[in-house]
Structure formats: C-alpha cells, structure tokens
2 protein chains.
Amino acid sequence: MPEPIYRRIYEDLRRQIENGELRPGAQLRTEIELRDHYEASRNTVRDAIKLLITRGLVETRPGQGTFVVKKMEPFVTTLTGPPDSSSGEGDTYKKEVGELRRPSNTSPEVQIHMAGSEPATDELQLSEGTTVVSRHQQCFIDDTPWSLQTSFYPMSLVERGARRLIQAGDIKGGTVAYLKEALGIKQAGYHEAITVRAPDDVESAFFKLAEDGGVSIIETRRTAFDEQGTPVRLTVSVYPADRNQFAVNVGKVPPEIEDPSSISRPPGARSDASTATETERNG
Amino acid sequence: MPEPIYRRIYEDLRRQIENGELRPGAQLRTEIELRDHYEASRNTVRDAIKLLITRGLVETRPGQGTFVVKKMEPFVTTLTGPPDSSSGEGDTYKKEVGELRRPSNTSPEVQIHMAGSEPATDELQLSEGTTVVSRHQQCFIDDTPWSLQTSFYPMSLVERGARRLIQAGDIKGGTVAYLKEALGIKQAGYHEAITVRAPDDVESAFFKLAEDGGVSIIETRRTAFDEQGTPVRLTVSVYPADRNQFAVNVGKVPPEIEDPSSISRPPGARSDASTATETERNG
DNA sequence: GGGTATTTGTCCGTATGTATT
DNA sequence: AAATACATACGGACAAATACC
C-alpha cells in the first residue's frame, strides 16, 4: 500500500480547495457521494475529511454537510508601544480596534488569592503566604468572543492605598494611570512571554471552538515593572489563534506600517518557507 | 447518548496523564487491553487516542505502543532587540546557547522570483514584473528541526552591488552588516507580524509532527526598513508551537528578566538564552 | 408544531497490512 | 520466524442535528 486511500482522497480534495475549484464557504459533496465517487467506504472518506479538518481547510456541520472554511478578518494586537500605555484592562485594545469594529468587555471580576496557589507567584516574585489580587475580564469584538484577560497585582499595592484594585468594575483611565495617581508608581517597562498551546475546556466553551482540536490558544504573560525594576502587575491574556494576529515594531518604522489598521493580510497564503523547502526537495 | 463513549475514555486517560498516574514517557496499555478495560470496541478506543494525539498528550509508535509525550524544553526567541543588530550579536547568542544546546542550520539556498508570483510582494512594496531574491535555511537545535526561514530581498540591491546576496552559502558577518558595508544601507527598524495556523504537509514532514494535527505553526514575517523607510528585506520564519516560545521587551526591564537565561519557566527546568541562529541573523 | 428526508456523528465487528521486537 | 501492536479499510447499524414541507 504505497499511499493510503484516505490520503489520496485528502490530497485530491485539498488540491481542489487550494486551486479554487472549491471556494471558501462552498459545500463539499456528501460523504455518500464521495464514497461513490472515490469507490471507497464512507469511513475511509471520513478519515480524509478528518485530515482536512486538522489542516484547517474544512469544517463539518451535522445535518448540513462539509464546507470549505471562511477565514475571519484577523484582529491585530501590537505588542510594542509606549511602556506606560498598557493598562492591562483593555484600553490599548479598544484604541487599536478603531472605528470599524465594536469592542466591548465585561466588568472586571475581582478575586483574592494566596501566592503559591495561583500562577502569578513567579512573575511577581512573591514569597509564600502573601496574597494577590486578580481582575478578570472577557473581551468581545462585534459580539464575537475575542480574548480572556486576567491581571494580577500584589496585595501590598492595596495596603499602600490602591483600594480600588479590589473593587469590581472598571477603573476609569486604566490601572496604570490609577497606580501612578494613587501611589506614584510609574510603569517603566514590561516583559511579555508568548506561548501557543491547546485550549482548555473553559476556553473551548467561551470561544466556541470545535472540540476536535483545530484551533490553538495564544497565551501572553505580560509582566510590568516600575522604575526600580519591581514587578507591579502580571497580565495573562488568551486569544484563539484563528482570529488573532500580533505585531512587533522595533526601531524606526514607517507610520503606515506601524499602524496595523492600514495593513490587512488576507489569510490563505501559503508559507514561503515551506514552498522553498518543497522546491529544494524537488530540485 | 449524553456523552460519547470515546470521549469518556479520552477524559479518563487525560485525567490519568494530567495528575501524574501516567508520567511522561510512560506507555499506555495496548488498544486491546483498553478495549477490554472499557468494554468498548477497539475502534472506539482508537477514537479516544486520536483525541489525545490532537491534544498533544500522547504519541503512537507502530509495533511498540502508545506513549505519553515528553515535552521538550521550549526555546525562547526574543523579538525585540537593537534594530541594527549585526552579526556579532548572533555569535554571542550562539556561544551562549552553545553549552547546552547546539544550534545549526543548512547553508542558505538562493532562488530568484518574479514579484507577484510569490508572497513577498506586499511587504517589499514591489510592482509587477520586478524580481526578488530569496535565501532559505533550515535551522536545528540539538539535531531537532526547529525552524524554517526564508529571507526575501529586492533584486535592485544586487544590481546596486550586493552580489553576494545571490550566492548560496553563508554571508560572513550576516546580511545586515554586508548590506551596510556594500551599499551603505543601515537597518533602522523592523515590523514583525505573528500568526498561528495549521501546518502544511511540508512543515509537518520537516518538523516530524503527528499527521493527525495538534501542533500548530507559528509564522513570523519580519519586514526591515532602512532609514528612509524603504523596505529592504522580508524574513518569513515558521516554528512548531510545541517547542518554541517568544518574548517581547518594552521600556526598562530588569536585566535578569530581559535575559531569559537566568529565569526558570513554569513547565520545565531551564529555558536558556534568547535566540539568534547564526547566519542570516536579521536583527 | 409535526413529520420526513438528508447529512454527519458514534459505535461495532472484522479482516488485513506494516512496523517493531 | 514468530509474536505483538498499531494502521488501514470495509460494511453495517443507529443516533443526533438540521432543513424542508
């Protein structure tokens, strides 16, 4: 068996999708029709469709059929910006979205944690037994769930006078401005770690992701520091990878490039690196 | 059928993996044993295992069995750095990594493209009919395939005297230094777009990813500009998400945080060094 | 609202091929 | 060579979701 049947079917369907015979949104023939067409069993056809799903090319809708995926216009988050501009509570996010899309978010929910029992201990350099405040938000764009954000603050900030950190609800002007006003803490910079992983059950439900895997989660952990190098906040954000992009600007960059609203790269373009590899293998 | 059988089996096995009953590297019971244990058919057990595979929790080896995956130590790439970072930095990083990890890469392969027929046209602001040089590399760490990189340069740079761009093989000192030396072009900054998507077949093969999906690909597109704001290079890199992390530093950040070699990441032991693969380091 | 046809989802049993030990 | 374990492939049955009349 030089090449499995389900893989030959997969490659034939993929070719039809990639050269435009099957356009985004189009419906594939039913599993029964494909079974007859390829003279294979329905289960073998289904194996080919599963491969197409894991490659992100099609989606199945029970009772309806199998469809070529329509990709959403991705939302671009710029990770680099003035070091004191990241509020961790959606202000930069609102600003970047601009006029065309309608962002909204839930009112922050506040919780108190013991350090060591939650995942901010390392980044905030806390010792055992100290407490941490978390403020959690759900963010939407055009009523589509877009991200989940949780900011962690050492409880010592509250004890020093930043009482509003433990009150639920928005802090007008953002927490960066509030901390500066209340305690004179100026945010001097931040470090952000970016990872990609599979969604957990909560994320899968909130973002309405298919259970069968396809979509990954992008997690960013932004640790903000004051001018003495003391960590003052950790913001953990999770984004579904199918509707988000990120941008980084370093040095002098033309303004029309730096501003993400002017660039939109429609997805579907294939990886340059891999096409190069393919050519190399063939040549 | 409130919850499918294969899903209940999946949940049970996942629980055993996540709470340590099944440790990384351990072998699961065979499909036959699992069939008897759960009183289901072997195909149903296999459906559960497929879910575990797409979640990145196990891997199957024909003739051997099914094993809990050992997570590799992630490699951290810092996206922010001096905008004109030349090759000297790359060498430093290489040395720093070199103790524990051995980075290597293939010699760059050169191709000539017509603009419009390949995907660098937008970023390099090329008109129809102009030509582009691409330089492609495969990068490894400890003999593990780590990334694929392709840099695109307008052919006009070659015509102005940067002949070595169209010669295969390393450019000693890096291309940034070479362009400055040969043409007086100083790299003033860059813009980087980061996306996550499913792997294609070439990437799946090169990175040895499971065919059944699970692992996503991180694609970065770095457009570099000279001091006049003219794009001089586009570098497209693809990384498998299961062995890569990224970092961004903005403003004033404590050195022990900015340099990841001194901090320990949550999942594993040490994650040392930010990356710079030796040649074609495009700061 | 109800009923029916269509389409995908789940589950089973079986047979055979391929890789590893 | 033989045994073991996963991979592929088939056919059948019923359930669940959806669309349409």
Side-chain angles (χ1 to χ4, degrees), chain A residues 1-13 17 22 25-69 204-205 208-214, chain B residues 1-14 17 22 25-69 201 204-205 208-214:
Chain A
M1 201 174 298
E3 190 168 37
I5 298 175
Y6 79 94
R7 180 163 282 277
R8 291 199 312 102
I9 299 176
Y10 154 74
E11 282 167 2
D12 190 51
L13 291 172
I17 292 170
L22 288 168
Q27 181 171 7
L28 273 66
R29 283 172 288 184
T30 69
E31 292 173 353
I32 302 296
E33 288 171 329
L34 291 173
R35 162 173 66 85
D36 296 340
H37 180 267
Y38 290 108
E39 292 176 338
S41 81
R42 186 182 156 221
N43 280 327
T44 302
V45 169
R46 281 175 63 77
D47 283 343
I49 292 177
K50 276 178 201 163
L51 242 185
L52 290 169
I53 292 175
T54 65
R55 290 291 192 270
L57 296 174
V58 305
E59 63 184 347
T60 55
R61 302 176 203 153
Q64 298 185 49
T66 306
F67 300 83
V68 182
V69 292
S204 217
K208 299 181 171 54
L209 304 179
E211 276 299 329
D212 43 21
Chain B
M1 197 178 301
E3 192 169 35
I5 298 174
Y6 79 94
R7 183 163 286 277
R8 292 200 310 103
I9 299 175
Y10 156 73
E11 305 276 2
D12 190 50
L13 290 172
R14 191 193 59 168
I17 292 170
L22 288 168
Q27 181 171 9
L28 273 66
R29 282 171 290 186
T30 70
E31 294 173 352
I32 301 297
E33 289 172 329
L34 291 172
R35 162 173 68 86
D36 297 339
H37 179 265
Y38 290 108
E39 292 175 338
S41 83
R42 183 176 160 231
N43 282 329
T44 302
V45 169
R46 280 176 62 78
D47 283 343
I49 292 177
K50 275 179 201 164
L51 244 184
L52 290 169
I53 292 175
T54 67
R55 289 289 200 271
L57 296 174
V58 305
E59 63 184 347
T60 55
R61 299 174 204 156
Q64 297 186 53
T66 305
F67 299 84
V68 182
V69 293
D201 292 330
S204 211
K208 297 181 171 54
L209 305 178
E211 287 293 344
D212 305 30

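These numbers were taken from a predicted model, which means no experiment stands behind them. In the text below, chain A, chain B and the rest are named by the order of the sequence lines, each starting its count at 1.
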Rounded to whole Å, CG of B:Leu28 lies from P of D:dA5 at a distance of 13 Å
Regarding the side chain of A:Pro62, the nearest nucleotide among C:dC11, C:dT8, D:dC10 is C:dT8
### Message
Please determine whether a side-chain nitrogen or oxygen atom of A:Thr44 lies at a distance below 4.0 Å from atom OP1 or OP2 of D:dT8.
### Response
no
The residue, A:Asn43 or A:Gly63, whose nearest nucleotide of DNA chain D is more 5′ is A:Asn43
From CD1 of A:Ile9 across to P of D:dT8 the rounded distance in Å is 13 Å
note: B:Arg35, atom CZ; D:dT4, atom P; distance rounded to Å ~ 14 Å
Review point. Does A:Arg46 make a side-chain N or O approach to OP1 or OP2 of C:dG9 shorter than 4.0 Å?
Key: yes
Closest to the 5' end of DNA chain C, once B:Val45 and B:Arg42 are matched to their nearest nucleotides, is B:Val45
A:Tyr38 atom OH is separated from D:dC10 atom C1', nearest whole Å, by 19 Å
Between CG of B:Asp47 and P of C:dC11 the distance, given in whole Å, is 8 Å
In terms of heavy-atom contacts, B:Ser204 and A:Arg55 come closest through OG-NH2, 3.6 Å
### Query
Any side-chain N or O of B:Thr66 under 4.0 Å from OP1/OP2 of D:dC6?
yes
Review point. Should B:Arg42 and B:Glu31 count as an ion pair when the cut-off is N to O under 4.0 Å?
Key: yes
Is there a side-chain contact between A:Gln64 and the phosphate of D:dA19, meaning an N or O under 4.0 Å from OP1 or OP2?
yes
Would B:Arg14 and B:Glu11 pass as an ion pair if we require N to O under 4.0 Å?
yes
**Q.** Steps toward side chain to side chain donor-acceptor pair (under 3.5 Å) verdict (A:Tyr10, A:Asp47)
**A.** CA-CA 8 Å; A:Tyr10 154 74; A:Asp47 283 343; over 6 Å; no
TODO: Answer yes or no: does a side-chain N or O of B:Thr60 lie under 4.0 Å from OP1 or OP2 of D:dA5?
DONE: no
Separation of C:dT8 atom P from A:Ile32 atom CD1, nearest Å, is 8 Å
Atom CZ of A:Arg7 and atom C1' of D:dT8 are separated, to the nearest Å, by 12 Å
Assert: residue with more 5' nearest nucleotide on DNA chain D, out of A:Arg61 and A:Ser41, is A:Ser41
Taken to the nearest whole Å, OH/A:Tyr10 to P/D:dA9 is 15 Å
The nucleotide from D:dC10, C:dT7, D:dC6 with an atom nearest the side chain of A:Thr30 is C:dT7
In Watson-Crick or G-U wobble terms, with both distances under 3.5 Å, the base opposite D:dA1 is none
Of D:dT8, C:dT8, C:dG13, the nucleotide closest to the side chain of A:Glu31 is C:dT8
| said: I'd like to know if A:Glu59 and A:Arg61 make a salt bridge, using a cut-off of under 4.0 Å between side-chain N and carboxylate O. | reply: yes
